[in-house]
Amino acid sequence: MAVHNADIASMFNRTADLLELQGANPFRIRAYRRAARTIADLPQSAASLVESGADLSELPGIGDDLAGKIAGIVKTGRCPILEQLEKEFPAGLTELLNVGGLGPKRVMALHTSLGIDNVDDLRRAVRAEKIRALKGFSEKIEQKILHALETRGTQEKRFKWIVADEIARPLAAWLSGIAGVKKVVVAGSCRRMKDTVGDLDILVTCAKGSPVMDRFVKYEEVAEIISHGTTRATVLLRSGLQVDLRAVPGISYGAALYYFTGSKAHNVAVRALAVKRGLKINEYGVFKGDRRLAGRTEEEVFRQVGLPYIEPELRENRGEIEAARAGNLPRLVTVEDMRGDLHAHTKASDGRNSLSEMAAAARALGYEYLAITDHSRHLTIANGLDEKRLRKQCEDIDRLNEKLKGITLLKSCEVDILESGKLDLPDSVLKELDLTVCSVHYKFDLPAVRQTERIIRAMDNPYFNILAHPTGRLIGEREPYALEMERIVRAAKERGCLMEINAQPDRLDLNDIHCRIAKDAGVKLAISTDAHGTAHLGYMHLGVAQARRGWLEAKDVVNTLPLKALRQALKRR
DNA sequence: GCCGTTTTCGGCCCGACTGTTTTCAGTCG
């Protein structure tokens, strides 16, 4: 059984949880968590690295010890230190760490004093009012635990970026109407454009925070006030989204924005740089002793630690700090770089608009071209096109292109990849298209090896151009299908195939990590909206955001090219 | 457990809020 990076990361995170319960050295715990992240973000499988004899201790945050443990896990599937720790604690105990308000100290107190071993035990003890009597606890804390159990459960809920954005906009507008508020900005993972957002971090500047916080907790969407101080307050909205509001004076705007944008791992790493320079960074500024050196803008903060500005999308401590120091930061692709969209549907299959409506909408966005990619026949539920209907559509496009000014429609098709790896339409019609966009729409549950080989076989077809929504995930609804992404990427590179970043808000597929894997392998990408109506063409910025998070530059993305160069880039080798 | 222009030991980011607390521990981000 192959060991996946996610398995190793999960073992290390679990080890860290148990070490926390044990009261181990916090830095040792952090080392396990950092290693878990490094492995989870790795562009190749750790297993293949181990097998090829690579030195894992070269990886950031992984030394000789953890490199040895990783090798052990790859070879045996087991992690002795984890197994040892698991013997020391009941299996359900770490789940208690996910209950709001409970950390390692309180969990251990509950365990040793009341024999609470899992969430069910906790629930019973709360109901029996046993917890209030414990030292360091109280009736109030007991009530908070009960409340956390009832309302928030133990599973973290994340929101699709677009949903969080829809909630943030009216809230930000409302906040900016509060007396004394100058700037309002959404920071956190929303600003970093992560595909999902766990909570909203909003920053305001004002002379006095207290009245702003008092107003904030009265926002009409607030379901619950979690904390309420003078410079910071946390609420739960009716939507279930948690919002942290922080207030700082204008002179600290840049430092606070930088601080609250995160990520935490990025901030920790940059602060460590500051410490080496004898500086201290906090949300109020950059300080040498008591002297403030910077804070009004983010650029000032970066300058003080000797770094150029790092775009929010890159701030994940995935090498951006090292790249910044070396002057190697990527010049990230922007929405303005995009010259066309390579995945769009019309009424012919399951879209809402006609060819000419889609063309007009694309031209209004300033595009040079738009690929019409209605579904192929296998997707009957979407009224997929057979050979005859596709030929007819091509004729329609040819005729329309003669009339259109400023935009060219490209003849294409979203061709189903059949279970056998064959494409859903014969080569005789595929060769007449400007390009193909190929995707998996059924049999999601094949084992990784078979799914991978299905896709690679499809890529063997000389008319295969772009692998659309390569993992098939639907955020919050459907997990990505099992896939050996490195093999897919390698196969794409060898055959001159491209991969898509699908910009639909519930897909965002490839994700940021996979984008980076593809880029590092030299595979070109297309950022496409998979529009099923004219309005969807506006999702481009979501795909671009994931591309930016994956370090992509305009030169990595084919639909930044003018039409002539695009045609060249689509040619298979 | 990692790491090194502080290099094989001794550091490791920093502050706000809560609740129980007479000065701080725990949790969170």
Side-chain angles (χ1 to χ4, degrees), chain A residues 12 15-16 19-20 23-38 56-70 81 96-110 132 134-145 147-148 152 156 187-189 197-203 209-210 213 217 225-235 242-248 252 255-256 258-287 301 305-306 317 321 325:
Chain A
F12 283 173
T15 302
L19 286 170
E20 276 201 309
N25 177 349
F27 299 104
R28 186 176 168 219
I29 296 164
R30 185 197 290 174
Y32 275 98
R33 295 208 192 281
R34 170 140 199 246
R37 243 180 72 92
T38 297
L56 293 181
S57 70
E58 305 259 303
L59 296 170
I62 292 175
D64 291 340
D65 180 87
L66 284 173
K69 289 191 167 88
I70 294 166
I81 184 176
L96 295 180
L97 293 170
N98 299 330
V99 176
L102 291 187
K105 297 286 183 339
R106 283 177 180 161
V107 167
M108 282 313 289
L110 293 168
R132 58 185 63 182
L134 285 185
K135 186 169 169 357
F137 288 78
S138 67
E139 187 178 341
K140 209 160 187 176
I141 290 176
E142 188 178 80
Q143 287 304 309
K144 283 199 140 185
I145 293 171
H147 188 72
R152 275 169 280 171
E156 183 196 29
S189 54
V197 171
D199 60 5
L200 283 179
D201 292 291
I202 303 184
L203 171 68
S210 186
M213 295 300 144
V217 298
I225 299 167
I226 294 171
S227 74
H228 177 185
T230 57
T231 65
R232 170 182 171 177
T234 303
V235 302
Q242 185 170 308
V243 184
D244 276 0
L245 182 69
R246 320 267 193 138
V248 297
S252 298
Y258 175 67
Y259 185 79
F260 297 130
T261 295
S263 67
K264 186 173 171 173
H266 169 94
N267 284 353
V268 167
V270 170
R271 282 175 188 218
L273 276 186
V275 169
K276 280 188 191 147
R277 295 180 162 229
L279 303 174
K280 183 177 75 170
I281 302 181
N282 59 27
E283 54 264 60
Y284 301 109
V286 181
F287 297 88
V301 174
V305 289
N317 198 23
I321 296 164
R325 291 176 84 171

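Note on naming: letters A, B, ... go to the chains in the order of the sequence lines (proteins, then strands), and numbering restarts at 1 for each one.
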salt_bridge(A:R232, A:E283) N-O dist < 4.0 Å
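A:E283 and A:R232: not salt-bridged.
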Which nucleotide in [options] has an atom nearest any side-chain atom of [X]:
X      : options                : answer
A:T231 : B:dC17, B:dC2, B:dC14  : B:dC17
A:T230 : B:dC17, B:dC13, B:dG15 : B:dC17
A:D65  : B:dC17, B:dC13, B:dG1  : B:dG1

Between [X] ([atom1]) and [N] ([atom2]), how many Å, whole number?
X      : N      : atom1 : atom2 : result
A:L66  : B:dC3  : CG    : P     : 9 Å
A:K280 : B:dC13 : NZ    : P     : 14 Å
A:R33  : B:dC12 : CZ    : C1'   : 16 Å
A:L273 : B:dC3  : CG    : P     : 14 Å

Quick check on [N]: is either OP1 or OP2 less than 4.0 Å from any side-chain nitrogen or oxygen of [X]?
X      : N      : answer
A:N267 : B:dC13 : no
A:K276 : B:dG4  : no
A:Y284 : B:dA16 : yes

Atom [atom1], compared across [N] and [M]: separation rounded to whole Å:
N      : M      : atom1 : answer
B:dG15 : B:dT21 : P     : 27 Å
B:dC13 : B:dC17 : P     : 22 Å
B:dC2  : B:dT7  : C1'   : 13 Å
B:dT18 : B:dT23 : C1'   : 15 Å
B:dG11 : B:dA16 : P     : 25 Å
B:dT22 : B:dC28 : C1'   : 25 Å
B:dT8  : B:dG1  : C1'   : 14 Å

Under a 4.5 Å cut-off applied to non-hydrogen side-chain atoms, are [X] and [Y] in contact?
X      : Y      : result
A:L102 : A:L110 : yes
A:Y32  : A:I81  : yes
A:L19  : A:T15  : yes

Using the salt bridge (charged side-chain N to carboxylate O under 4.0 Å, His left out) definition, which of the options A:R33, A:K105, A:R106 pairs with A:E20?
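Exactly one candidate clears the test, A:R33.
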Which part of the nucleic acid, if any, lies within reach of A:I29 when heavy atoms closer than 4.0 Å are counted: base, sugar-phosphate only, or nothing?
nothing
Tell me what A:R30 touches on the nucleic acid: a base, only sugar-phosphate, or nothing, going by heavy atoms under 4.0 Å.
base
Spell out protein contact along nucleotides 22-29 of chain B as letters: B when the base is contacted, S when just the sugar-phosphate is, - when no protein heavy atom is under 4.0 Å; keep the 5' to 3' order.
----SSSB
Closest contact, heavy atoms only, A:N317 versus A:R37:
O-NH2, 4.2 Å
Can you establish whether the number of heavy atoms outside A:R132 located under 6.0 Å from its atom CZ is more than 12?
yes
